[in-house]
Enquirer: 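Following this message is one structure expressed as structure tokens.
Atoms within each ligand, like the ligands themselves, are counted from 1 in listed order.
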Amino acid sequence: MKKVIDQFLAQVRQKNQHEPEFMQAVTEVAEAVIPYIVKHDIYYGQNILLRMVEPERVVSFRVAWIDDQEEIQVNRGYRIEMNSAIGPYKGGLRFHPSVNLSVLKFLAFEQVFKNSLTTLPMGGGKGGSDFDPKGKTDTEVMRFCQSFMTELYRHIGPNRDIPAGDIGVGSREIGYMFGQYKRLKNEFTGVLTGKGVSWGGSLIRPEATGYGVVYFAEKMLEEKQDSFAQKTVVISGSGNVAQYAAEKVIQLGGKVVTLSDSSGYIHDAEGIDTEKLQHIMQLKNVERARINKYLEKYPKATFHAGKTPWEVPCDVALPCATQNELHESDAKMLIQNGCLCVCEGANMPSTPEAIHQFVQHKILFAPGKASNAGGVAVSGLEMAQNSLRYSWTREEVDNRLKNIMAEIHSSCMTHGKEGDYINYVKGANIAGFVKVADAMLAQGVV
Ligand code: NDP
Ligand code: 2IT
């Protein structure tokens, strides 16, 4: 089996030189799915995975804009339309200086499996730019978003490709991009998700990824007859996903002791309660400050510059910042400190070596494509509401989100059970694969 997997990966690597993140994502899927393909005649011999790793379309474009000093700036914009077998392309836009083809292809590839797991009819895509919103004024961000959309608009549409937010793209950026799309097309449609509630957005979409991660982790703990009550929880990141993961953990009786950003992490041993979290939301979302500003108001907390929070002893760890932020040595430290459950909020935050540690030690471990699918799932519900020209209540959307996370959890169990251990990596990859593969086979060689 190893030989078959290695041969496949060598073939993919040859065509995708210099794309380490993409190869990392493909390797994880190949290791889980190829043994399954080999055992199932309908998939075997169809080159189905080879078709899945080739994006249906890749668009790359110039984004020129003028900054506040009247200097001309040039960024690169992308949209990767990975797979539309089960629905229109769907996935976020990331604005971060680290954005390149490899990063977006890995994210688009993950999105295909994630969207398949949600039970909703969405294909997979991802896009973004190497634009850095940090330190930019609102008017600079607006001019950038308008220039970006002036090219992107011809490639997207409510039945074709529906972008949303990701790192560096929140409600402000979605607003500017939606405004420009509407102006260019003279059409009010649900072409983006994550919109404001007064202009077509869904209640619970801002909370959905973070809440969904915690609903998923709750299901994992339930398998061990356990819950979040009294648990010490370590979270990385302090953006959209981390903030609402923290909010839900607090509601369920857990104690959140860390949050972080790219400058380091804060450790509040007394626990970050609702009031402290409100302050963090003000700092990060309104003032756009660095996380260590927390110490000005809460001096008992400590700040650890340049570090990630995995060294802090905990019961549950929720990596919610970015890819490859949790390494093998971090995994060993978490295990040594008695961590029971690692549930990914970010996309691919754990390195393959770290995942190997978790699986080998039979720690509850959920890959992001399963546990962070709540965000795109509620994006799917936003699309449904837009089509209905109607809005559901908070309770309605939250209940649907809970049910979807429970469905994803049971799909992982169906395909991931290994004796008394649930291998969520295997389960998520196979369950995500089956739906897309079946649709591709039905639609012929296209
Ligand atoms: P935000 O931009 O709101 O927040 C990102 C957070 O992660 C910030 O605290 C940021 O710190 C930190 N971060 C980003 N890059 C790095 C880095 N290279 N090193 C250390 N810290 C970093 O993004 P989101 O919360 O939306 O996204 C977080 C993760 O969740 C991403 O992996 C994203 O793909 C994933 N995700 C997001 C979904 C969504 O609906 N938004 C859905 C599913 C997954 P700083 O401010 O210093 O950069
Ligand atoms: O990674 C992700 O799933 C997202 N950034 C959300 C995508 C979406 O379309 O809501």
Enquirer: What closest approach, in Å, do L381 and V397 show between heavy atoms, and which atom pair accounts for it?
Expert: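 Reported closest heavy-atom pair: CD1-CG1, 4.1 Å.
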Enquirer: For atom 2 (O) of ligand 1, grab the closest protein heavy atom and report residue, atom and distance to one decimal in Å.
Expert: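 That would be G168 N, 3.0 Å.
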Enquirer: Note the single closest protein heavy atom to atom 7 (C) of ligand 2, along with its residue, its atom name and the distance in Å.
Expert: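 That would be G92 N, 3.5 Å.
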Enquirer: Using a heavy-atom cut-off of under 4.0 Å, does the side chain or the backbone of E325 touch ligand 1, or both, or neither?
Expert: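 Looking at E325 and ligand 1, no heavy atom falls under 4.0 Å.
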Enquirer: Look at atom 47 (O) of ligand 1 and say which protein heavy atom is nearest, naming residue and atom and giving the distance to 0.1 Å.
Expert: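 Atom 47 (O) of ligand 1 sits closest to the protein heavy atom S262 OG, 2.4 Å.
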Enquirer: With heavy-atom distances below 4.0 Å as the criterion, list the atoms of ligand 1 near R290.
Expert: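 Listed by number with element, the hits are 45 (P), 46 (O), 47 (O).
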Enquirer: As a test of understanding, state which of R205, Q385, E382, K90 forms a side chain to side chain donor-acceptor pair (under 3.5 Å) with T193.
Expert: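 When R205, Q385, E382, K90 are each tested with T193, the side chain to side chain donor-acceptor pair (under 3.5 Å) holds only for K90.
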Enquirer: Going by ring pair (Phe, Tyr, Trp, His ring centres under 6.0 Å), F148 matches just one of Y176, Y181, F95. Which one?
Expert: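 Considering Y176, Y181, F95, a ring pair (Phe, Tyr, Trp, His ring centres under 6.0 Å) with F148 is found only for F95.
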Enquirer: At under 4.0 Å between heavy atoms, which part of N347 makes contact with ligand 2: side chain, backbone, both or neither?
Expert: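 Contact part for N347 vs ligand 2: side chain (C-beta onward).
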Enquirer: Please state which protein non-hydrogen atom is closest to atom 33 (C) of ligand 1 and give its distance, to 0.1 Å?
Expert: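 Going atom by atom, the protein heavy atom closest to atom 33 (C) of ligand 1 ends up being D166 OD1, 3.2 Å.
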Enquirer: Measuring from the heavy atoms of R94, does anything fall under 4.0 Å of ligand 2?
Expert: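 No, that is not the case, since the closest heavy atom of the residue is not under 4.0 Å from the ligand.
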Enquirer: Judged by modelled atom types alone, do H327 and S329 share a side-chain donor-acceptor pair under 3.5 Å?
Expert: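 On atom types as modelled, these side chains do not qualify, holding no pair under 3.5 Å.
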Enquirer: Starting from atom 31 (C) of ligand 1, locate the nearest protein heavy atom and write down its residue, its atom name and how far away it is, to 0.1 Å.
Expert: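 Protein heavy atom at minimum distance: A321 O, 3.4 Å.
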Enquirer: Does this structure show an ion pair linking K293 with E287, if we count only N-O contacts that are shorter than 4.0 Å?
Expert: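 Yes.
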Enquirer: What is the closest protein heavy atom to atom 41 (N) of ligand 1, and at what distance does it sit?
Expert: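 Looking at atom 41 (N) of ligand 1, the protein heavy atom closest to it is N240 OD1, 3.7 Å.
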Enquirer: How close do D161 and I156 get, heavy atom to heavy atom, and via which atoms?
Expert: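 Closest approach of D161 to I156, heavy atoms only: O-CB, 3.2 Å.
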Enquirer: Are R143 and D68 within salt-bridge range, i.e. N to O under 4.0 Å?
Expert: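 Salt bridge present between R143 and D68.
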Enquirer: Looking at atom 6 (C) of ligand 2, what's its closest protein heavy atom, distance included?
Expert: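 Heavy-atom neighbour on the protein nearest atom 6 (C) of ligand 2: R205 NH2, 3.6 Å.
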Enquirer: With a 4.0 Å cut-off, strictly under, does atom 17 (C) of ligand 1 pick up any protein heavy atom?
Expert: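 Protein heavy atoms within 4.0 Å of atom 17 (C) of ligand 1 - there is at least one.
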Enquirer: List every atom of ligand 1 that sits less than 4.0 Å from any heavy atom of R94, numbering the atoms from 1 in the order shown and giving each element.
Expert: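 Ligand 1 atoms under the 4.0 Å threshold to R94: 31 (C), 32 (O), 33 (C), 34 (O).
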Enquirer: Hey, is R400 close enough to E396 for a salt bridge, meaning N to O under 4.0 Å?
Expert: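 Yes, this pair counts.
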Enquirer: For atom 9 (O) of ligand 2, state which one of K114, K90, E382 supplies the nearest heavy atom.
Expert: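 Residue with the shortest heavy-atom distance to the ligand atom: K90.
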Enquirer: Do ligand 2 and N372 have nitrogen or oxygen atoms that lie under 3.5 Å from each other?
Expert: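 Between N372 and ligand 2 (N or O atoms, distance only) the closest approach is not under 3.5 Å.
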Enquirer: Can you name the closest pair of heavy atoms from S371 and A366 and give their distance?
Expert: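 Shortest heavy-atom separation between S371 and A366 comes out as OG-O, 3.6 Å.
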Enquirer: Please report the closest heavy-atom contact between H155 and E81, naming both atoms and the distance.
Expert: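 Scanning both residues, the minimum pair turns out to be O-OE2, 3.2 Å.
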Enquirer: Let me know which of V33, V112, L117 forms a side chain to side chain contact (heavy atoms under 4.5 Å, CB included) with F433.
Expert: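 Only one of V33, V112, L117 forms a side chain to side chain contact (heavy atoms under 4.5 Å, CB included) with F433, namely V33.
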Enquirer: To the nearest 0.1 Å, how far is atom 19 (N) of ligand 1 from its closest protein heavy atom, and which atom is that?
Expert: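 Nearest protein contact, heavy atoms only, for atom 19 (N) of ligand 1 is T322 CG2, 3.8 Å.
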Enquirer: Considering only heavy atoms, does C320 approach ligand 1 within less than 4.0 Å through its side chain, its backbone, both, or neither?
Expert: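 The part of C320 near ligand 1 is the backbone, not the side chain.
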Enquirer: Taking non-hydrogen atoms only, is Q243 closer than 4.0 angstrom to ligand 1 via side chain, backbone, both or neither?
Expert: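 None of Q243 does.
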Enquirer: Taking N or O atoms only and a 3.5 Å limit, does N347 qualify as a polar contact for ligand 1?
Expert: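 N347 vs ligand 1: N/O contact under 3.5 Å present.
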Enquirer: Where is the tightest heavy-atom contact between K369 and K114, given as atom of each residue plus distance?
Expert: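 For K369 versus K114, the nearest heavy atoms are O-CG, 3.2 Å.
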Enquirer: Suppose we measure from atom 37 (C) of ligand 1 to each protein heavy atom; which comes out shortest, and what is that distance?
Expert: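 Ranking protein heavy atoms by distance from atom 37 (C) of ligand 1, first comes V241 CG2, 3.5 Å.
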Enquirer: Do Y153 and K185 meet the criterion of a side-chain donor-acceptor pair at a distance under 3.5 Å?
Expert: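 No.
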Enquirer: So if I count the atoms of ligand 1 from 1 in the order they appear, which ones are less than 4.0 Å from some heavy atom of A346?
Expert: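 Near A346, meaning under 4.0 Å from one of its heavy atoms, ligand 1 has 29 (C), 30 (O), 32 (O), 35 (C).
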Enquirer: What do you reckon, does H96 put a non-hydrogen atom under 4.0 Å from ligand 1?
Expert: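 It does, in that a heavy atom of H96 comes within the 4.0 Å cut-off of ligand 1.
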Enquirer: Can you confirm whether more than 12 heavy atoms, excluding those of R183, are under 6.0 Å from its CZ atom?
Expert: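 Check fails, neighbour count at 12 or below.
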Enquirer: Report, in ascending order of atom number, the atoms of ligand 1 lying under 4.0 Å from any heavy atom of K134.
Expert: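 Near K134, the atoms of ligand 1 are 45 (P), 46 (O), 47 (O), 48 (O).
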Enquirer: Which atoms of ligand 1 sit under 4.0 Å from any heavy atom of S260?
Expert: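 Selected atoms, number and element: 9 (O).
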Enquirer: Closest non-hydrogen protein atom to atom 4 (O) of ligand 1, residue and atom name please, with distance?
Expert: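 The protein heavy atom lying closest is G239 CA, 3.3 Å.
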Enquirer: For A164, take its heavy atoms, then give the atoms of ligand 2 lying under 4.0 Å from any of them.
Expert: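 Reading through ligand 2 atom by atom, the close ones are 8 (C), 9 (O), 10 (O).
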Enquirer: Please confirm whether K126 comes under 4.0 Å of ligand 2, counting heavy atoms of the residue only.
Expert: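 So K126 counts as touching ligand 2.
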Enquirer: Could you report the tightest heavy-atom contact between T258 and Y265, atom names first, then the distance?
Expert: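 Smallest heavy-atom distance, with atoms named: CG2-CD1, 4.1 Å.
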Enquirer: Between I167, V213, N324, N372, flag the one that comes closest to atom 44 (C) of ligand 1 by a heavy atom.
Expert: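 Checking each option, the heavy atom nearest atom 44 (C) of ligand 1 is found in N372.
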Enquirer: Relative to the heavy atoms of G237, which atoms of ligand 1 are at a distance of less than 4.0 Å?
Expert: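 Ligand 1 atoms under the 4.0 Å threshold to G237: 9 (O).
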Enquirer: Name the closest protein heavy atom to atom 10 (O) of ligand 2, giving the residue it belongs to and the distance to 0.1 Å.
Expert: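 Here the nearest protein heavy atom works out to S379 OG, 2.5 Å.
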Enquirer: Measure from NZ or CZ of K136 to the centre of the six-membered ring of F131 and say whether it is under 6.0 Å with the direction within 45° of the ring axis.
Expert: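 Judged by the rule, K136 and F131 form a cation-pi pair.
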Enquirer: So if I count the atoms of ligand 1 from 1 in the order they appear, which ones are less than 4.0 Å from some heavy atom of T209?
Expert: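 Listed by number with element, the hits are 38 (C), 39 (C), 40 (O), 42 (C), 43 (C).
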Enquirer: How does A242 reach ligand 1, by side chain, by backbone, by both or by neither, if only non-hydrogen atoms under 4.0 Å count?
Expert: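 For A242, there is no contact with ligand 1 at all, from either part.
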Enquirer: Between G165 and ligand 2, does any nitrogen or oxygen pair lie at a separation below 3.5 Å?
Expert: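 Yes: some nitrogen or oxygen of G165 is under 3.5 Å from one in ligand 2.
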Enquirer: Any idea which atoms of ligand 1 are less than 4.0 Å away from a heavy-atom of S238?
Expert: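 Here the atoms of ligand 1 in question are 9 (O).
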Enquirer: Touching ligand 1 at all, R205? Heavy atoms, strictly under 4.0 Å?
Expert: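 Yes.
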